[in-house]
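Ligands are counted one by one from 1 in listed order, and the atoms in each one are counted from 1 as well.
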Amino acid sequence: MLIQRLAIIGIGLIGGSLARALKRAGACAEVVGCGRNTRNLQQAIDLGVIDCYETNPASAVKNADMVVVAVPLGTMAKTFATIHDALSPQAIITDVGSAKATVVSDAQQYLGQHFSRFVPAHPIAGTEKSGVAASFAELFEKHRVILTPLPETESQAVDIVSTMWQKTGAEVVKMSVENHDEVLAATSHLPHLLAYNLVDTLAKMDNQTEIFKFAAGGFRDFSRIASSDPQMWHDICFANKDAILSVLEYFNIHLTQLTKAIQQGDSQHIKNIFTHAKTVRDKVCG
Ligand code: NAP
């Protein structure tokens with residue numbers, strides 16, 4: 001058995017889906033869930049996602065050989081500080097946070113002697129839904145999980161966390177923390193900000209009732225991710241501020257160029273942008 005006692009702090013979409021996937025794979029003997037809300041935790045037991053629960057993270061990690069921190073980014077530091085004294089000496093600790101530099105810095109500050117067994121991780125899978133009821137065992141299948149180990153991270157801990165994610169059906173890749181945060185700012189954080197901003201902007205227009213009455217497939221496709229958890233994305237804006245600002249600046253330059261092309265009736269420029277975008281999108285997502 002890969003994991004004897006798995007403690008997951010934060011039994012929501014990601015924590016719950018990981019628990020389900022590892023149980024299905026027979027990769028862990030026992031799953032202890034941890035959260036603040038006992039109704040959610042009881043629901044997680046009723047759904048068969050976890051075996052038992054604790055509301056205090058320190059109690060949850062006692063005797064755990066694997067600890068997965070799956071709470072919002074703004075709560076990571078407090079969680080690391082709370083579990084520090086209760087961790088077993090050999091426990092492996094990992095997280096699922098959507099930005100990595102702040103999590104690594106929080107872990108370095110609060111995990112003390114356990115930091116060398118902390119393996120930063122980010123599953124590139126999710127939906128716009130939150131909570132344990134939205135979790136499902138197949139979420140990570142054929143998706144990538146990025147590990148961003150540091151030079152001091154114990155290789156055995158990296159190997160075990162890699163194997164854990166492979167058991168969910170995911171493909172594991174490694175990256176530096178900086179590269180992760182830059183790439184994810186572009187591929188994930190920017191699209192979410194644009195979707196939120198689009199819906200918010202349209203909803204503030206005088207004729208918004210009519211606008212939404214006629215919103216069809218295009219609007220739905222583009223705006224789906226604006227239904228994601230606002231707190232989670234609020235935390236990401238702070239956690240990955242520099243990379244997000246830099247990609248937003250780049251995007252604004254290109255949006256201004258498109259605006260100018262439309263103003264000036266620059267047909268070739270507009271066609272070039274759309275054709276290039278279609279070719280790339282068809283290749284990447286096709
Ligand atoms: P979620 O469904 O809202 O689950 C978050 C869990 O954390 C809940 O079980 C909640 O339980 C607990 N929690 C929330 N606030 C807390 C707080 N202040 N203190 C302690 N526990 C708290 O969120 P999620 O989508 O699984 O996201 C969890 C992590 O995964 C985040 O760090 C996010 O960046 C990362 N992630 C998300 C996605 C995605 O698409 N959703 C993808 C990849 C990575 P209680 O309310 O019972 O405390």
**Student:** Scan the protein's non-hydrogen atoms and note whether one is under 4.0 Å from atom 18 (N) of ligand 1.
**Tutor:**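 Under the 4.0 Å cut-off, atom 18 (N) of ligand 1 does have protein heavy-atom neighbours.
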
**Student:** Counting only nitrogen or oxygen atoms and a 3.5 angstrom limit, does I11 reach ligand 1?
**Tutor:**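 Yes, there is a polar N/O contact under 3.5 Å.
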
**Student:** For atom 5 (C) of ligand 1, tell me which residue out of A121, S98, A70, A44 has the closest non-hydrogen atom.
**Tutor:**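 Shortest heavy-atom distance from atom 5 (C) of ligand 1: A70.
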
**Student:** Tell me whether M232 has any N or O atom under 3.5 angstrom from an N or O of ligand 1.
**Tutor:**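 Such a contact does not occur with ligand 1.
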
**Student:** Who's closest to atom 15 (N) of ligand 1 heavy-atom-wise, of K78, Q231, R36?
**Tutor:**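 Answer by nearest heavy atom: R36.
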
**Student:** With a 4.0 Å cut-off on heavy atoms, is I124 in contact with ligand 1?
**Tutor:**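 I124: no contact with ligand 1 (<4.0 Å).
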
**Student:** Among L13, I14, I225, which residue satisfies the side-chain contact (heavy atoms from CB on, under 4.5 Å) criterion with T127?
**Tutor:**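 Result: among L13, I14, I225, L13 is the only option passing the side-chain contact (heavy atoms from CB on, under 4.5 Å) with T127.
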
**Student:** Report yes if some N/O of G97 lies less than 3.5 Å from some N/O of ligand 1; otherwise report no.
**Tutor:**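 No, there is no polar N/O contact under 3.5 Å.
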
**Student:** Out of L13, N40, I9, T38, who is nearest to atom 25 (O) of ligand 1 when you count heavy atoms only?
**Tutor:**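 Of the listed residues, L13 has the closest heavy atom.
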
**Student:** Only heavy atoms count here, so choose which of V145, N37, V96 is nearest to atom 44 (C) of ligand 1.
**Tutor:**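 The residue whose heavy atom sits nearest atom 44 (C) of ligand 1 is V96.
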
**Student:** Under 6.0 Å between ring centres: does that hold for F80 and F118?
**Tutor:**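 Aromatic pair counts; centres sit under 6.0 Å.
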
**Student:** Going by the side-chain contact (heavy atoms from CB on, under 4.5 Å) test, name the single residue among V32, L41, V31 that passes it with C52.
**Tutor:**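 Single pass found, and it is V32.
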
**Student:** To the nearest 0.5 Å, how far apart are OH in Y53 and CG in N40?
**Tutor:**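 Answer for the OH-CG pair, Y53 versus N40, is 10.5 Å.
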
**Student:** Nearest non-hydrogen contact with atom 4 (O) of ligand 1 belongs to which option: G35, G12, A99, G10?
**Tutor:**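 The nearest heavy atom belongs to G12.
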
